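Heads up, the thing below is written out as structure tokens.
Residue numbering restarts at 1 for every chain, and letters A, B, ... go by the order of the sequence lines. Here the structure is a predicted model, which is why all the values come from computation and not from measurement.
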There are 2 protein chains.
Amino acid sequence: MLKRETDERGGTCLEEEMEGRLILALRKIALMGGMHDYISISSRELGEALGMSQQSASKRILELLGQGWIVRDLGARRQRIKLTDKGMEALRREYSEYQRVFETRDHVLVHGEVVTGMGEGQYYVNQEGYQEQFLSLLGFKPYEGTLNVRVLQTDVHKLALLQGVKGIRIKGFERNGRTFGDVLCHPADIQNIECAVVVPTRSHYEDIIEIICKYHLRRTLGLKDGDVVEVRIHID
Amino acid sequence: MLKRETDERGGTCLEEEMEGRLILALRKIALMGGMHDYISISSRELGEALGMSQQSASKRILELLGQGWIVRDLGARRQRIKLTDKGMEALRREYSEYQRVFETRDHVLVHGEVVTGMGEGQYYVNQEGYQEQFLSLLGFKPYEGTLNVRVLQTDVHKLALLQGVKGIRIKGFERNGRTFGDVLCHPADIQNIECAVVVPTRSHYEDIIEIICKYHLRRTLGLKDGDVVEVRIHID
DNA sequence: ATTACTAGTAGACGAGTAA
DNA sequence: TTTACTCGTCTACTAGTAA
């Protein structure tokens, strides 16, 4: 059974919900300029702005006063309302919740199992034409080998997110008549060790990702085939 | 009387409020990772996170589905939930409301009465040492005179806001043995005409502001002493 | 364990109205 | 005009329970 503030009859209106309704009114008042100043607004007008009756708006104002979120100068004709510091703080709390939602798309976490590749990645990474760019664009010269990770079934679809991300493009080149294509890298880390996920541009979708790092990751992290690692791929 | 969506019995739950409650649940789901991915969450857990019963959380989920804000993969044991594009859009709309609140401190409106100054501002403004800087830093060469405005009592405290603002600093200089101090300007407009409020750095608090503009404001706006003008002072 | 229906109820709502 | 009280309606809530 749920705890409510004072009692627990079967009724409605959790504290949180009630706060939600109040915040809505508070935000409207803020938008009308109540953050900077007293604004002159009747309960009728506030009600209209909030899509509710004058009576309900009046009640909301009383509730906001009760919370200490606004102060009021109840003149003879028209009331003037202003947010208090406490009210602004309450509003900012809400705002930061949304910030957390919208400004935390900075990484994707994928889990995968360490596997042994076929040495192809290693061959590519060691090409001199790539090496220089790794250093200048990623900030490190990769250890001569890649760590192959088979992304778990549950996380495979997360890789699709990388499609919509610019990443860091390593230019291809030609050498001894063979063409080496562009390579897209995504900065990442495994247990806070800086690395990068390498995606050959022209490759169809795979569940195996190749990771380059300035250290020998298998040795540094003591990994063996079948171990599951968490890779944090940075985007943006 | 207020319009509601379907009917207008005396009851509760405006559309807007209902949306507010839904948005709260939607945000929680988003914070739990439902923006990027399906997350596995029972109605019991969601209820706990939202401070409500399992039953209510279950209902919320059905409502969110009804709005097309989430999609659900109702497995045998646990449901998996993800936000739809429509859901993210709804959430972003909310977010932008808060952004408007917190990121719209870009101007202050002050009202004041046009008065005749003592020509001191005019003397300062016309100094060559200032004129060049006005042009390069404000983008216009002021008309040789200032408009003096006595800020109304009700708006005087708004001027205090300018204290916390950088503004545009015009460097002082020395000429004929006399020192002209730094001058702080705040870009502004009066009836959409670009101008700037001038505040001598070393001056105590006054209720009279001096305004420079490339036009002769009195003539252009047809102002005479005692007319009340609205000055929009830009900050940041 | 889940999800979600039914039933009963507390309280949020607007209408009417006083001050 | 205002603000805000009382009051009856209606609904969003939780408990109980089925599947």
Side-chain angles (χ1 to χ4, degrees), chain A residues 1-26 29 38-67 70-82, chain B residues 1-26 29 38-67 70-82:
Chain A
M1 200 199 253
L2 275 147
K3 300 278 168 53
R4 240 141 345 96
E5 204 184 36
T6 47
D7 52 26
E8 31 192 324
R9 288 156 291 158
T12 180
C13 185
L14 313 156
E15 270 313 297
E16 213 168 323
E17 295 276 319
M18 134 102 153
E19 198 172 296
R21 282 181 294 116
L22 284 186
I23 284 277
L24 216 62
L26 193 67
I29 293 169
Y38 278 99
I39 54 166
S40 172
I41 183 169
S42 70
S43 56
R44 164 53 100 192
E45 289 166 327
L46 181 62
E48 203 163 330
L50 288 168
M52 59 173 52
S53 67
Q54 172 270 319
Q55 291 89 337
S56 294
S58 171
K59 208 168 170 193
R60 286 279 211 286
I61 290 170
L62 294 174
E63 289 165 341
L64 287 169
L65 284 166
Q67 289 278 344
I70 58 172
V71 283
R72 179 166 63 162
D73 171 12
L74 186 46
R77 287 239 160 271
R78 283 172 85 77
Q79 63 190 346
R80 298 190 322 130
I81 288 176
K82 192 178 78 160
Chain B
M1 197 198 254
L2 274 146
K3 299 278 170 51
R4 241 138 352 89
E5 203 187 36
T6 46
D7 51 28
E8 31 194 323
R9 288 156 289 158
T12 178
C13 187
L14 315 156
E15 271 311 298
E16 215 169 319
E17 294 276 317
M18 135 102 154
E19 198 172 296
R21 283 182 292 114
L22 283 186
I23 283 278
L24 216 64
L26 193 67
I29 293 169
Y38 276 99
I39 55 165
S40 173
I41 184 169
S42 71
S43 56
R44 162 55 99 193
E45 290 167 325
L46 181 61
E48 204 163 328
L50 289 168
M52 60 174 53
S53 67
Q54 171 269 318
Q55 292 88 337
S56 295
S58 172
K59 208 168 170 193
R60 286 277 210 286
I61 289 169
L62 294 174
E63 289 165 341
L64 288 169
L65 284 167
Q67 289 278 344
I70 59 171
V71 282
R72 179 165 65 159
D73 170 13
L74 185 46
R77 287 238 161 272
R78 281 172 87 75
Q79 62 191 349
R80 299 190 320 132
I81 288 175
K82 194 179 75 163

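Counting any heavy atom pair closer than 4.0 Å across all strands shown, B/Leu62 reaches sugar-phosphate atoms only and no base atom.
To the nearest angstrom, P of C/dC13 lies 5 Å from CZ of A/Arg60. In this structure, A/Lys59 places its NZ atom 11 Å from P of C/dG11, rounding to the nearest Å. In this structure, the CD1 atom of A/Ile41 is 14 Å from the P atom of D/dA4, given to the nearest Å. Following rounding to the nearest Å, B/Arg72 (CZ) and C/dT2 (P) show an atom-to-atom distance of 14 Å. Rounded to an integer number of Å, the gap from B/Leu46 CG to C/dA4 P is 12 Å. In this structure, the CD atom of B/Gln54 is 14 Å from the P atom of D/dT17, given to the nearest Å. Remark: C1' of C/dT2 and CZ of B/Arg80 are 16 Å apart, rounded to the nearest angstrom. Rounded to an integer number of Å, the gap from CD of A/Glu63 to C1' of D/dC5 is 15 Å.
For the OP1/OP2 pair of C/dT2 and a distance below 4.0 Å, the side-chain nitrogens and oxygens of B/Gln79 include no atom meeting the criterion. Between A/Ser58 and D/dT3, a side-chain N or O to OP1/OP2 separation shorter than 4.0 Å is absent.
Two residues are said to be in side-chain contact when any heavy atoms from C-beta on lie closer than 4.5 Å; B/Lys59 and B/Met52 fail this criterion. Counting heavy atoms from C-beta outward, A/Ser42 and A/Gln54 have side chains that stay 4.5 Å or more apart.
Between B/Ala57 and A/Gln55, the residue whose closest nucleotide on DNA chain D is further toward the 5' end is A/Gln55.
Contact detail for B/Leu22 and B/Leu64: the closest heavy-atom pair is O-CD2, 3.8 Å.
Annotation: the span from B/Arg60 atom CZ to B/Gln67 atom CD amounts to 12.0 Å, rounded to 0.5 Å.
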